[in-house]
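This report refers to the structure that appears directly beneath it.
Everything quoted here is computed from the prediction, not taken from an experiment. Chain naming here is simple, since letters A, B, ... match the order of the sequence lines and numbering starts at 1 in each.
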Amino acid sequence: EAAVTQSPRNKVTVTGGNVTLSCRQTNSHNYMYWYRQDTGHGLRLIHYSYGAGNLQIGDVPDGYKATRTTQEDFFLLLELASPSQTSLYFCASSDAGTANSDYTFGSGTRLLVI
Amino acid sequence: GDSVTQTEGQVALSEEDFLTIHCNYSASGYPALFWYVQYPGEGPQFLFRASRDKEKGSSRGFEATYDKGTTSFHLRKASVQESDSAVYYCALGPDTNAYKVIFGKGTHLHVLP
């Protein structure tokens, strides 16, 4: 079954700390996405990619880097974490990025920056 | 720019009530429209889509009809169950930037037994 797996499930870090969130998809999808979910804001797109080595900037990219190492793996990097980045992060994938493509989401990573 | 508006932030119903969650969009061209559902502790799941005017999408008893005239895609269910309690997201798939779906802010549905 097609899947998107995120790790870790939960993470606590200190302000200024370095955090990497991982995402792997077994869907053979070209497109992968990182979102953050916050009360009152819904899902906001951070970065996305349409293939290995590609990176596109989303709507709320400040303070985040991302890297797509393979078709399967997409990482989100917080190099100097701040409390404002405390959030629930979701990774998603989609096929070919056409207008009719639906997204498959992972189960999320809950990040707390103290 | 393109946008999706969900009017209700929260909806509380009793079992067997009729559900309507309103979704209106603003976009140029002819976008695909989606509904996603997110159960507690999980990521959003694709519910269904519609791609052209007057097309009805449906799944699990939920349905919505693409209405280009009123730029709407309202989610409806005739009789909700407690297990339908979740967050529902309306989304827009723009035809000019096909890999970037735009999500509404979500509607939290609480169904009381």
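- Chain A forms the most heavy-atom pairs under 4.5 Å with one residue out of G41(B), G43(B), P44(B), and that residue is P44(B).
- Taking non-hydrogen atoms and a 4.5 Å limit, the residue list of residues 105-114 of chain A in contact with chain B, ordered by number, reads F105(A), G106(A), S107(A).
- With hydrogens and angles disregarded, a donor-acceptor distance shorter than 3.5 Å links the side chain of Y103(A) to the backbone of V101(B).
- F75(A) and M32(A) fall into different hydrophobic clusters, where Ile, Leu, Val, Met, Phe, Trp and Tyr residues are linked whenever their side-chain heavy atoms come under 4.5 Å apart, directly or through other members.
- There is a path of hydrophobic side-chain contacts, each under 4.5 Å, that joins V4(B) to L75(B).
- Under a cut-off of 6.0 angstrom, the local environment of CD in Q10(B) is crowded, with over 12 non-hydrogen atoms contributed by other residues, nucleotides or ligands.
- Listed in order of number, the residues of residues 35-42 of chain A that approach chain B to under 4.5 Å between heavy atoms are Y35(A), Q37(A), G40(A), H41(A), G42(A).
- Note on Y88(B): it clusters hydrophobically with V111(B), by side-chain heavy-atom contacts below 4.5 Å among ILVMFWY residues.
- Around NZ of K54(B), the count of heavy atoms belonging to other residues, nucleotides or ligands within 6.0 Å exceeds 12.
- Only the side chain of Q38(B) comes within contact range of chain A, with at least one heavy atom under 4.5 Å from a heavy atom of that chain.
- Residues V12(A) and L80(A) do not share a hydrophobic cluster, defined by chaining ILVMFWY side chains whose heavy atoms lie under 4.5 Å apart.
- To the nearest 0.5 Å, the span separating CG on D102(A) from CZ on F34(B) amounts to 7.0 Å.
- The 12-atom threshold is not exceeded at NZ of K65(A), counting heavy atoms of other residues, nucleotides or ligands nearer than 6.0 Å.
- Between L43(A) atom CG and K105(B) atom NZ the span is 12.0 Å, to the nearest 0.5 Å.
- The neighbour count for L112(B) CG, taken as heavy atoms of other residues, nucleotides or ligands under 6.0 Å away, is above 12.
- Using a 4.5 Å cut-off between side-chain heavy atoms of Ile, Leu, Val, Met, Phe, Trp and Tyr, with links allowed through other members, L55(A) and Y50(A) fall into different hydrophobic clusters.
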